[in-house]
Amino acid sequence: MTTPHLPATETRRGTGRLLLLGAAGLGLVLVVGCWYLLKGDPDISLSELGRSLFGGHTHDNGAYLVREVRLPRLLLALIAGAALGLAGTVLQYTLKNPIADPGILGMSQAAAFVVALSVLFPGLMPRLVLPVVCILAGLATSAILVVLAKSIRDPVRLLLVGVVIASLGATLTSATIVLLPIDRAVGLGQFFGFTAGTVASASWSRIGLILPWLVVAVPAALLSGRALNLLQLGDDMAIGRGMRVTRARALLLTCACLLVAPVVAVVGPISFVALLSPHVAKVVLRTSNAHLVLPASAVVGAVVMLLADTAGRLLFFPTEIPAGIWTIVVVGPLAVVLARRSVGRTSMEAS
Amino acid sequence: MTASPLAPPAVRAKARPLGRRADARSRRWRWFAPTMLVAVLVLVVVSVLFGDNFRISPSDLLHWLTGQSGVDPLAKFGINTRLPRALLAVLVGAALAVAGALLQALTRNPLASPDIIGVSQGVVAAVLVFSVIFPNMPYAYVDWIQPICGTVGGIGTAAVIHLATRKLGSAESTQFILIGILVGGILTSLSSLALLFLGSDATRVFGFMSGSLNLKGWSDLRLAAAYLVPGLVLLVLALPRANALQLGDDVALGLGQRLGRDRLLVLGASVLLTAGAVTVVGALSFVGLMAPHMVRRMVGSDLRRLVPASALMGAVIVLVADLAARNIQPQRYLSGLGDAIGFAYLPTGLYLAVLGVPFMISLIWRRS
C-alpha cells in the first residue's frame, strides 16, 4: 500500500484501528442483527431462528418470516448503508469538501425525481429499468459537476453548483406532483413513503435489483484509495504526480453514482448516512488516509443503517417508523457536529 | 444621494463615493432608480390587466382606482384577485432581495442568500411541522400562528448557524455557508418527512414548499406587510453597520464598530425579512441571490444604493415569474400527454428556478 504523503507508522496504526473497527462493527451487526431477526410480530425463539437459517427445508411460518421478510430487510439495510458510506467518502474526497453528500449535491434528488415520475405515472417504465434511469439521472448531475470542476477550483463553489441542481430537482418533483390530476393522487402516499426512505418493502428481488450495480461499484470504490489521496492534495499536486485529474474525477463520481442511485431507486433518498460515515471513520481511525477510510466508512454506514432500521422497526413496536426519519432526526444533527471541525479546517486551507 | 442620517460619521466618511468610478455609479443610480420604479409599476399594471381567462380594460382599472362607480363587476372581481397578488409579489420579492443583499454583505461572499444558507428552509420546515402537530386547527388561528411559527423557525435556524460558526474563529464566510447548506439540507429532509405525515393534505403544501402566490388575496398581503415591519426597522438600523462590515473585520473594527453586535443585527434583519416573506408565500428561491447580482454592476456595492436597487429588482423578478405562473397553463401545452396532466398552475417558485439555475451556475462559473 503506497500512500504518497503519509508516514508508514501512521498507516500501520490506522490499519490496526481499522481492524478493530471492523471487528466491533461485525460484532454489533451480529448482536443487533440477531435481535432484529428474533423480534417483531410474532417473536420467534432462538432455536427456531437457527432452524430457519440453517435447517434446510423447514416450511413453518417462522422460517418463512425470517427467510423472506426479515433477512432480506436486514441485508438490504446493511447493503444500502455500506454503499452510502462508501459513496460519501468517494464524494467528499473527490470534491475536497467535508459536507459533500448525495442529498446535498443533487444526485438523490435527481434519482428521486425519476422515481416520482415512475410512481405517479405507472406504466412509464418497468421496474427493472428504474435503477438504470436513476443512475442516468445521477450521472447527468455528476457530469455537470465534472465539467465545471475543470474551471471551478474552489470546493465551496463546486458544492454550490450541486446545491442548485438539488433545488432544481426538488422543484421539478413538486411541479410533477402539482400537475397530477386529483384521481391519480393515490400514488402520492406511496411516493411520500419513498421520500422518507425505508427498507420496509425489502425482498430478495429488490436486493437483486441493486446488487449487480454494487458488485461493480463497491470494489471499484474500495480500490480508489490512491486516487482519492492524490486528489486530496489538490489538483496541481495530483497532476504533478501524473494523474489525469478530470478523468479520475469523472470515474470517481460515476462510481459514487453507481453506489447511490440504485440505493435511492429501491430504498429512497436516505439522508446523511453518506455524510456522517466518513467523519466517524476519520475520528475513529485518526487518519484521513483514503485507503483506510473507505472500508471503515462502509462499516460505519452499514451499522448506522442497521441501527436506524432497528430503531424504526422495534423502538415504538407496533408502529413502524421509516429508517429515513431516524437518519434525519438523529444522524443529521450528529453530522453537523462532526462536520463542523472539518469545515473549519477546509476554510482555513482555502483562505 | 445623500448619506443616511443614521450612519455614524466615521462610516459616512468612508463610504462616501470617491473618484470617477463612484461618480459614474451615482450618476447611473440617478436614472436607474426611477427606471426600475417605473418598471415595477408597469409590471403591476400588466399583472392586473392580463390574466388566465379574461382581460381587464385599462379604463376599468382607472375607474376602480379613482373610486368611480359603474365598474364592471367582473372587472372588479378580477382586480380584487390580481392586484393583491401583484402587490404581494412586489413585497416578497423586495424583502427576499434585500435579505440576500444583507447576507452577501455580512458574509462577504457573493453566493450567500437566505435560501442557500437554510433560513428559508427553516421557515418552511417549522410551518410544516406545525401543521403536522396541529392538523385540525381552525383557520382563524392558523392565520396568525403560522407566521409566528415560521418566524421562530427562521430565527432558530439562523441561531444554530450563528452558534455553530461563531466559535470557529472570525466570520469566515466559507464556514458560514457550508454549515448553512448542511442545516438547510437537514431542514429540507425534515419538510419532506412532514409531507409523509400530512398524507392526503400534502398536495396543498407543495406550492408552499417551492413558493407559490396562487390564491393569495388581500388578507395575505396585509399579513406579509405586517410581518415585514420588524425586519424593515432592523434593516434601517443595520444598513450603515452592514456597510462597514462589508469592508472587512479590521476596517470595521478600526471604524469603531462593535463587530459581534453589528453582525447579529444584520443577520437579524435579513432573517426577519426572509421569514416575513416565506411564511406567507413559501420558499421562493433564487431571488435573494439573483437580484443583488443583477444590480451590483450598475450601482456598486454601497449598501445604501444596493439595498433599494435590489429591492426593486427583486420585485421585478418575482412579478415576471408570477406573471408566467399565472398565464402559462401547463395542460394546454402538454395536451399530448392526455389525462396524465391535471388542471393546475405551476408554482411561482418553479419559474424562478428556471430563471435562477442557469443564472447561478453561470455566476459560479464566471467568478472562479
Side-chain angles (χ1 to χ4, degrees), chain A residues 97-99 101 103-104 120-121 144 148 151-154 156-161 163-168 170-172 174-175 177-185 188-189 192-193 195-196 269 271-272 275 322 324-325 327-329 332-333 335-337 339-340 343-344 346-348 350-351, chain B residues 109 111 115-116 160 164-165 167-169 172-175 177-179 181-186 188-190 192-193 195-200 202-203 206-207 209-212 285-286 330-331 334 337 339-347 349-350 352-354 356-357 360-361 364-365 367-368:
Chain A
N97 198 315
I99 69 164
D101 171 276
I104 285 176
L120 302 175
F121 301 101
I144 299 175
L148 291 179
S151 49
I152 302 175
R153 288 290 179 85
D154 178 3
V156 181
R157 283 180 203 287
L158 199 55
L159 188 83
L160 274 172
V161 175
V163 172
V164 173
I165 298 171
S167 91
L168 181 67
T171 311
L172 283 177
S174 25
I177 293 173
V178 168
L179 281 183
L180 203 68
I182 311 248
D183 53 316
R184 288 283 188 81
L188 271 184
F192 293 142
T195 43
S271 331
F272 307 115
L275 182 66
I325 295 191
T327 65
I328 291 166
V329 177
V336 174
V337 171
R340 244 188 75 193
V343 166
T346 312
S347 56
M348 256 186 282
S351 61
Chain B
N109 190 320
L111 295 169
D115 50 299
I116 282 177
V160 166
T165 50
K167 287 196 183 141
L168 289 174
E172 273 298 340
S173 65
T174 322
Q175 297 166 6
I177 290 179
L178 281 181
I179 296 285
I181 291 173
L182 196 49
V183 173
I186 293 175
T188 310
S189 313
L190 203 62
S192 61
L193 274 192
L195 290 182
L196 179 65
F197 289 104
L198 280 174
S200 57
T203 35
F206 263 99
M209 281 185 76
S210 48
S212 167
S285 44
F286 297 108
Q331 201 182 26
L334 296 171
L337 291 173
D339 63 347
I341 300 285
F343 181 85
Y345 289 95
L346 288 170
L350 181 81
L352 277 177
V354 168
V357 169
M360 176 133 179
I361 289 186
I364 298 172
W365 197 350
R367 288 193 50 92
S368 58

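The figures here come from the full heavy-atom set of this structure, side chains too, leaving out hydrogens, waters and symmetry mates. In this text, all values refer to a predicted model and were calculated from it rather than measured experimentally. Below, chains carry the letters A, B, ... as their sequence lines are ordered, and counting in each starts from 1.
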Chain B contact via A:I104 - side chain, backbone, both or neither, heavy atoms under 4.5 Å: side chain

Structural part of B:L193 lying under 4.5 Å from a heavy atom of chain A: side chain

For A:S271 against A:I328, the heavy-atom pair lying closest together: OG-CG1, 3.8 Å

Closest heavy-atom pair and its distance - A:I99, A:A339: CG2-CB, 4.1 Å

Which of B:L190, B:I361, B:I181, B:V183 touches chain A most, by non-hydrogen pairs under 4.5 Å: B:I181

CD1-OG distance between B:I116 and B:S285, expressed to the nearest 0.5 angstrom: 9.0 Å

Under 4.5 Å from any heavy atom of chain B - which part of A:V336: both

Shortest non-hydrogen contact from A:L275 toward A:P98: CD1-O, 3.8 Å

Candidate list A:L158, A:L148, A:L159, A:I152, test side chain to side chain contact (heavy atoms under 4.5 Å, CB included), partner B:I364, passing option: A:I152

Which atom of B:S189 lies closest to which atom of A:F272, heavy atoms considered: OG-CE1, 3.7 Å

A:P269 portion near chain B, given a 4.5 angstrom heavy-atom threshold: neither

Closest-packed option against chain B by number of heavy-atom pairs under 4.5 Å, given A:I165, A:L168, A:T195, A:D101: A:L168

Engaged part of B:M360 at the chain A interface, taking heavy atoms whose separation is under 4.5 Å: side chain

